[in-house]
Amino acid sequence: MDPNVPPEPDWALATLAIRAGHERTAEQEHAEPIFPTSSFVYGSAAEAAAKFAGEEPGNIYSRFTNPTVRTFERRLAALEGGERCVATSSGMAAILSTALALLKAGDEIVASRSLFGSTVSLFDKYLGKLGITTRYVELSDLDAWEAAMTPATRLLFAETPSNPLSEVVDIAALAEIAHRHDALLAIDNCFLTPALQQPLALGADLVIHSATKYLDGQGRAIGGAVVGRDRELEEVFGVVRTCGPCLSPFNAWIFTKGLETLALRMRAHCDNARALAEWLEAHPAVARVHYSGLESHPQHALAARQQQGFGAVLGFEVKGVDAEGSRQAAWSVIDATRLLSITGNLGDVKSTITHPATTTHGRLSPEQKAAAGITEGLIRVAVGLEAFEDIRGDLARGLDALA
């Protein structure tokens with residue numbers, strides 16, 4: 001295979017995840033190399049001038065051109081079906097770079113209420129300082145999205161499925177609303193990854209990733225990415241080049257190797273999560289389970305239609321007499337675990353558990369938590385790849401004590 005020939009257009013996702021994006025060097029390596037270098041040298045002053053001026057392709061400085069980062073970008077773009085990918089230092093850096101690239105003072109964002117807490121803080125506290133306004137609507141309520149649009153709306157932003165309630169929005173319908181109002185639609189796809197959902201194929205303009213999560217899959221590194229059309233991504237690239245929220249070569253290499261097993265891992269994650277959701281739904285100490293893979297989920301049919309799987313993140317609410325009692329009950333279940341890791345991260349082969357109201361969404365106001373459905377009795381589990389029986393047994397210890 002000539003490494004300079006683009007991937008075959010009919011290659012399956014699993015093949016792209018292993019083969020796409022790598023251009024072999026003169027060393028003819030089989031595995032993707034790491035280029036831990038800050039700069040690159042040239043054969044002449046004229047060559048350096050041509051590369052810096054963009055007249056010749058080539059590497060300039062690892063803040064914005066690095067072969068290892070480029071391999072990851074090309075591979076993820078191939079998986080998402082995008083023209084281009086720009087990698088960043090974190091998922092939050094990906095969102096910030098997108099906003100700085102595509103928005104200006106006076107522009108407006110319409111976003112789902114069901115967003116990661118740091119995303120809400122970014123939109124309200126920091127983009128607000130720049131004169132960019134954000135309005136929040138119910139994720140699944142298309143009429144609410146439509147009603148929130150104004151002539152100043154330039155970006156619609158949603159996580160689907162949401163964190164941690166597994167809510168879903170019709171991406172194709174939301175894209176129609178965005179485009180009818182001359183706005184762009186960005187979808188945070190880190191919960192499902194391109195192995196389970198491809199928002200660009202459904203009409204979205206941009207896909208955002210925290211590569212820290214399932215793209216890595218083993219909790220080793222921090223990084224992010226934006227995927228989409230070249231015309232928008234060139235602006236995002238300009239922000240990364242100038243402002244510097246770039247991905248390190250080593251982390252890019254970790255993510256590239258993580259992509260090789262993405263499809264296999266996501267299927268196994270889904271199997272464990274579905275089995276756990278069904279068990280939790282039947283447990284007497286559990287009031288409600290939030291997982292779109294359950295037929296009881298109000299948007300199960302939509303999720304089944306636009307996704308190739310339901311993911312590994314689920315939320316469940318323990319029974320409690322009031323808010324304080326629900327928090328104590330939730331904490332008792334979390335503290336009783338011996339296998340699950342008590343941490344706010346997710347996307348790991350290791351199962352993790354957290355109390356969203358006091359961790360991932362802890363900086364939201366009580367009103368924001370209520371609007372987003374973040375109750376004191378809510379527990380989030382990101383189901384890993386341990387044996388299902390062991391995951392179930394670890395949760396049963398605390399839940400059985402409440403029943």
Side-chain angles (χ1 to χ4, degrees), residues 13 76-77 79-85 94-95 98-99 101-104 106-116 119-120 123 127 132-163 165-209 225-236 292 297-311 371-372:
L13 183 139
L76 183 56
L79 294 181
E80 287 285 8
E83 293 177 359
R84 186 173 179 180
C85 170
I95 300 172
T98 299
L102 304 177
L103 302 174
K104 64 183 185 306
D107 287 346
E108 296 177 353
I109 302 170
V110 178
S112 163
R113 285 197 181 95
S114 305
L115 291 181
F116 177 48
T119 305
V120 175
F123 286 173
L127 295 187
I132 299 168
T133 302
T134 304
R135 284 189 303 283
Y136 297 95
V137 298
E138 294 295 333
L139 175 63
S140 60
D141 188 346
L142 294 173
D143 290 337
W145 287 92
E146 181 72 53
M149 304 295 288
T150 76
T153 303
R154 292 290 174 265
L155 180 68
L156 278 64
F157 190 96
E159 298 173 11
T160 180
S162 69
N163 175 17
L165 301 184
S166 197
E167 298 167 291
V168 179
V169 69
D170 187 327
I171 295 174
L174 193 56
E176 289 181 6
I177 293 173
H179 299 156
R180 189 163 61 248
H181 292 270
D182 197 27
L184 299 173
L185 172 61
I187 296 294
D188 186 322
N189 198 32
C190 77
F191 270 34
L192 293 184
T193 81
L196 302 180
Q197 178 174 265
Q198 294 182 308
L200 299 180
L202 296 170
D205 302 288
L206 300 160
V207 171
I208 306 291
H209 277 288
V226 188
V227 186
R229 291 181 296 261
D230 185 71
R231 65 174 178 266
E232 285 88 22
L233 269 292
E234 179 63 22
E235 296 299 318
V236 177
S292 63
H297 190 283
Q299 297 158 301
H300 173 73
L302 171 60
R305 185 170 74 246
Q306 73 179 16
Q307 303 169 190
Q308 289 76 57
F310 301 103

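At least one side-chain heavy atom of L206 sits less than 4.5 Å from a side-chain heavy atom of L233. No side-chain heavy atom of F157 sits less than 4.5 Å from a side-chain heavy atom of T98. Put simply, the side chain of L102 does not reach to within 4.5 Å of the side chain of R154, judged on heavy atoms. Between L184 and R229 there is a side-chain heavy-atom pair separated by less than 4.5 Å. L155 has its side chain out of reach of D107: every pair of non-hydrogen atoms, C-beta onward, lies at least 4.5 Å apart. L185 is listed as a side-chain neighbour of I171, based on a closest heavy-atom distance under 4.5 Å. Side-chain contact check for E80 versus P199: some heavy-atom pair is nearer than 4.5 Å. By the 4.5 Å heavy-atom criterion applied to side chains, R135 and T150 are counted as neighbours.
The shortest non-hydrogen separation linking S114 to A372 is OG-O, 4.5 Å. Residues A94 and I208 approach most closely at CB-CG2, 4.1 Å, considering heavy atoms. In plain terms, the two heavy atoms of A183 and D205 that are nearest each other are O-OD2, 4.2 Å. Closest approach of L142 and A173 over heavy atoms only: CD1-CB, 3.5 Å. Shortest non-hydrogen contact noted between F123 and A111 is CE1-CB, 4.1 Å. For I132 against K104, the heavy-atom pair with the smallest separation is CG1-O, 3.5 Å.
Between L302 atom CG and E167 atom CD the span is 12.0 Å, to the nearest 0.5 Å. Once rounded to the nearest 0.5 Å, the distance linking CG of L139 with CG of L165 reads 10.0 Å. Between the CD1 atom of I109 and the CG atom of L103 there is a distance of 5.0 Å, given to the nearest 0.5 Å. Distance check: L202 CG to T160 OG1 gives 9.5 Å after rounding to the nearest 0.5 Å. We find the CG-CZ distance between D141 and R113 to be 9.0 Å, quoted to the nearest 0.5 Å. Between L196 atom CG and Q307 atom CD the span is 7.5 Å, to the nearest 0.5 Å.
Between the side chain of Q198 and the backbone N or O of L79 there is at least one donor-acceptor pair closer than 3.5 Å. When atom types are taken as modelled, the side chain of H297 and the backbone of A303 share no donor-acceptor pair closer than 3.5 angstrom. A distance-only check finds no donor-acceptor pair linking the side chain of W145 to the backbone of S140 [under 3.5 Å]. Judged by distance alone, the side chain of S166 and the main-chain N or O of P161 form no donor-acceptor pair under 3.5 Å. Within the 3.5 Å criterion, the main-chain N or O of V168 finds a donor-acceptor partner in the side chain of Q299. Although no hydrogens or angles enter the test, the distance criterion places a donor-acceptor pair under 3.5 Å between the side chain of Q306 and the main chain of V169. N189 contributes a side-chain N or O that, together with a main-chain N or O of Q197, makes up a donor-acceptor pair within less than 3.5 Å.
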Test side chain to side chain contact (heavy atoms under 4.5 Å, CB included) applied to E232 and V226, step by step:
CA-CA 10 Å; E232 285 88 22; V226 188; over 6 Å; no

Trace of the side chain to side chain contact (heavy atoms under 4.5 Å, CB included) decision for E83 with R231:
CA-CA 9 Å; E83 293 177 359; R231 65 174 178 266; over 6 Å; no

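With respect to the salt-bridge test (charged N to carboxylate O, under 4.0 angstrom), the residues E146 and R180 qualify.
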